[in-house]
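Heads up, the thing below is written out as structure tokens.
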Amino acid sequence: MHRVKVRVAEDALDANATIAAANRADFDRAGVAVVNLMSAPGAGKTTVLERILGDGPTIGDGVRVGVLEGDVQGSLDADRLAHLHVPVVQLDTGSGFGGECHLDANMVRSALPLLPLDDLDLLIVENVGNLVCPAEFRIGEDARIMVSSVAEGDDKPLKYPLMFRTCELVVVNKVDLLEHVDFDLDRFFYHLQAVHPGVPHLEVSARTGQGIDALRAWLARLPDRVGAPA
């Protein structure tokens, strides 16, 4: 029985990889870079996006941004972003996908006809809040960002290594709360380096705006990756 479960899981991941490659090819043809934004629930992904996009639907030197918003149910986060006049498409995993705790390549592919790819340079996919499953499923992205927050434990890199190991940038959010929480920033980075040596990181506060310009600049460089090997 155990072998059957392993084979089924491998088949699912192989099928996902095939669809992710098709997504990636479509994004490349449209000239759109894609970033997969992942975190635990409540780490502040949506608030970070509000800060990044608060000045309009472009960042950097006119990079046009759209968002694919993933949630199990409801459009609360998508509604917040839509007020910023940014193209936003909502993708509920509870509608036809069984309430999955992550976005996979097939779900993202189902949303492609709704995305105005010809009008975008960068698509930010806000994944479902979860520290396990999103890391296992590629969606055709060019890069992954892991948002962690000081309201969580500083041992998260050790407890959820795959999430941190597969990202190109780690954003530590809510640093304005450091003096109020039992979170050791040095210990967090020590654990992070043990799991993913050399990975870049940014210290950010979506509430105060600290570090947002640096994150916006990092994102604005992503369209240069379009067409590069994943």
Going by heavy atoms in the side chains, are [X] and [Y] under 4.5 Å from each other?
| X | Y | answer |
| --- | --- | --- |
| Val125 | Val35 | no |
| Val48 | Ile52 | yes |
| Phe137 | Ile19 | no |
| Ile59 | Val65 | yes |
| Leu68 | Val34 | no |
| Thr58 | Val63 | no |
| Leu122 | Val32 | no |
| Ile145 | Cys167 | no |

If two hydrophobic side chains count as joined below 4.5 Å and joins carry through other members, does [X] share a cluster with [Y]?
| X | Y | result |
| --- | --- | --- |
| Leu123 | Leu169 | no |
| Leu215 | Val147 | yes |
| Leu49 | Val108 | no |
| Leu202 | Leu53 | yes |
| Leu222 | Ile139 | no |

Out of curiosity, [X] [atom1] to [Y] [atom2], how far, rounded to the nearest 0.5 Å?
| X | Y | atom1 | atom2 | result |
| --- | --- | --- | --- | --- |
| Leu103 | Asn127 | CG | CG | 4.0 Å |
| Glu152 | Lys159 | CD | NZ | 10.5 Å |
| Thr47 | Ile212 | OG1 | CD1 | 9.5 Å |
| Lys174 | Ser149 | NZ | OG | 4.5 Å |
| Lys45 | Leu37 | NZ | CG | 6.5 Å |
| Leu91 | Leu114 | CG | CG | 9.0 Å |

Under the salt bridge (charged side-chain N to carboxylate O under 4.0 Å, His left out) rule, what pairs show up with a residue in residues 198-208, not counting sequence neighbours?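 Matches after skipping sequence neighbours: Asp176-Arg207.
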For the residue pair [X] and [Y], what are the closest heavy atoms and their distance?
| X | Y | answer |
| --- | --- | --- |
| Thr166 | Ala135 | OG1-CB, 4.2 Å |
| Pro200 | Glu168 | CD-O, 3.3 Å |
| Arg51 | Thr208 | NH2-C, 3.4 Å |
| Leu13 | Glu136 | CD2-O, 3.5 Å |
| Val128 | Thr93 | CG2-CG2, 4.1 Å |
| Ala20 | Ala105 | N-CB, 3.4 Å |

Polar side-chain atom of [X] near backbone of [Y] as donor-acceptor pair, under 3.5 Å:
| X | Y | result |
| --- | --- | --- |
| Asp154 | Arg187 | no |
| Asp92 | Gly94 | no |
| Asp121 | Ala33 | no |
| His102 | Pro134 | no |

Does the side-chain contact (heavy atoms from CB on, under 4.5 Å) test come out yes or no for Thr46 and Glu126, once each step is laid out? CA-CA 8 Å; Thr46 307; Glu126 183 178 352; 2.7 Å; yes
Suppose clustering is done on Ile, Leu, Val, Met, Phe, Trp and Tyr with side-chain heavy atoms closer than 4.5 Å. Which residues sit in the same group as Phe164?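 ILVMFWY cluster around Phe164 also holds Met38, Leu131, Val132, Met146, Val150, Leu158, Tyr160, Met163, Val170, Val172, Val175, Leu177, Leu178, Val181, Phe183, Leu185, Phe188, Phe189, Leu192, Val195, Val199.
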Might you work through the side-chain contact (heavy atoms from CB on, under 4.5 Å) test for Val86 and Leu81, ending with a clear yes or no? CA-CA 7 Å; Val86 176; Leu81 298 173; 5.6 Å; no
Under 4.0 Å between a Lys/Arg side-chain N and an Asp/Glu carboxylate O for [X] and [Y]?
| X | Y | value |
| --- | --- | --- |
| Asp142 | Arg24 | yes |
| Asp26 | Arg109 | yes |
| Arg216 | Asp213 | yes |

What's the verdict on salt bridge (charged side-chain N to carboxylate O under 4.0 Å, His left out) for Arg80 and Asp77, showing C-alpha distance, side-chain angles and the deciding distance? CA-CA 5 Å; Arg80 286 167 58 182; Asp77 291 348; 3.8 Å; yes
Any chance the side chains of Asp104 and Asn16 put a donor and an acceptor closer than 3.5 Å?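 No.
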Report yes or no: do Ser148 and Lys156 form a side-chain donor-acceptor pair below 3.5 Å?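 Ser148 vs Lys156: no donor-acceptor pair found between side chains.
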